[in-house]
Peer 1: 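Here it is: the structure, laid out below.
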Amino acid sequence: MEKLLIFAGMALATYFTRYAMIALLGQEMPSLLRRWLRYVPVAVLAALIAPAALAPQGRLEIGLHAWAVLAGAVVAWRTRNILLTILGGVAAFWLLQMLGK
């Protein structure tokens, strides 16, 4: 029962923080905020992937994962599409792994 109450409390906290932002700004967001929010998915993706791929043991390692991240970064730069970025990085990883690099 305690876990259910914690889950419900966190759901309410998440809902009300999001609702407060929408209610505060109304229907139209300022253009500066809209432009800033466009970079959030890219920043989150980079923050999740870079440490695990480039420093898995706590120090910089240039190996298979680093090359796959570089390939994904090139795809991201050229396409500006998150799905293609992920697919490009995974495809590069698999290809390099099959080639024995």
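As the structure is a computational prediction, the values presented were derived from the model and not from experiment.
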Peer 1: Would you say L87 and L96 are hydrophobically clustered, going by side-chain heavy atoms of ILVMFWY under 4.5 Å?
Peer 2: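 No, it is not one cluster - the side chains of L87 and L96 are not joined through contacts under 4.5 Å.
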Peer 1: Do you know the tightest heavy-atom contact between L84 and V75?
Peer 2: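 For L84 versus V75, the nearest heavy atoms are O-CG1, 3.3 Å.
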Peer 1: Can you find a heavy atom in the side chain of E61 that is under 4.5 Å from one in the side chain of L54?
Peer 2: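 No - every pair of side-chain heavy atoms lies 4.5 Å or more apart.
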Peer 1: Supply the atom-to-atom distance L99 CG to Q97 CD, rounded to the nearest 0.5 angstrom.
Peer 2: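 Rounded to the nearest 0.5 Å, the CG-CD separation comes to 10.5 Å.
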Peer 1: Linking I/L/V/M/F/W/Y whenever any side-chain heavy atoms sit under 4.5 Å apart, do L12 and Y19 land together?
Peer 2: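 L12 and Y19: one cluster.
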Peer 1: Are L70 and W94 co-members of a hydrophobic cluster defined by side-chain heavy atoms under 4.5 Å apart?
Peer 2: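 Both belong to a single hydrophobic cluster.
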Peer 1: Is there side-chain contact between F93 and V69, with at least one heavy-atom pair below 4.5 Å?
Peer 2: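 No; the side chains remain at least 4.5 Å from each other.
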Peer 1: Could you list the residues that satisfy side chain to side chain donor-acceptor pair (under 3.5 Å) with R59, not counting sequence neighbours?
Peer 2: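 Here no residue qualifies.
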Peer 1: As an exercise, state the distance from OG1 of T14 to CE of M10, rounded to the nearest 0.5 Å.
Peer 2: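 Here the rounded value is 5.0 Å.
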Peer 1: Rounded at 0.5 Å granularity, tell me how far CG in L37 sits from CG in L32.
Peer 2: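 Those atoms lie 9.5 Å apart.
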Peer 1: Looking at every non-hydrogen atom in both residues, tell me the closest pair between T85 and G72 and how far apart they are.
Peer 2: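 Shortest heavy-atom contact: CG2-O, 3.3 Å.
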Peer 1: Hydrophobic cluster membership, with links at side-chain heavy-atom distances under 4.5 Å among I/L/V/M/F/W/Y: are L83 and L45 in one?
Peer 2: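 Unlinked, L83 and L45 end up in two clusters.
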Peer 1: Sequence neighbours excluded, which residues qualify as salt bridge (charged side-chain N to carboxylate O under 4.0 Å, His left out) partners of R34?
Peer 2: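 Partners of R34 under the salt bridge (charged side-chain N to carboxylate O under 4.0 Å, His left out) test: E28.
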Peer 1: Counting C-beta onward and ignoring hydrogens, is there a side-chain heavy-atom pair between I62 and L60 closer than 4.5 Å?
Peer 2: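 Side chain of I62 against side chain of L60, heavy atoms only: contact under 4.5 Å found.
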Peer 1: Of all heavy-atom pairs between P51 and A46, which one has the smallest distance, and what is that distance?
Peer 2: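 Shortest heavy-atom contact: CD-O, 3.9 Å.
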Peer 1: Would you say V90 ends up clustered with L64 if hydrophobic residues are merged whenever their side chains have heavy atoms under 4.5 Å apart, either directly or through other cluster members?
Peer 2: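 Shared cluster, yes.
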Peer 1: Quick one: pull up CG in L95 and CH2 in W67 and give me the separation to the nearest 0.5 Å.
Peer 2: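 L95 CG to W67 CH2: 14.0 Å, rounded to 0.5 Å.
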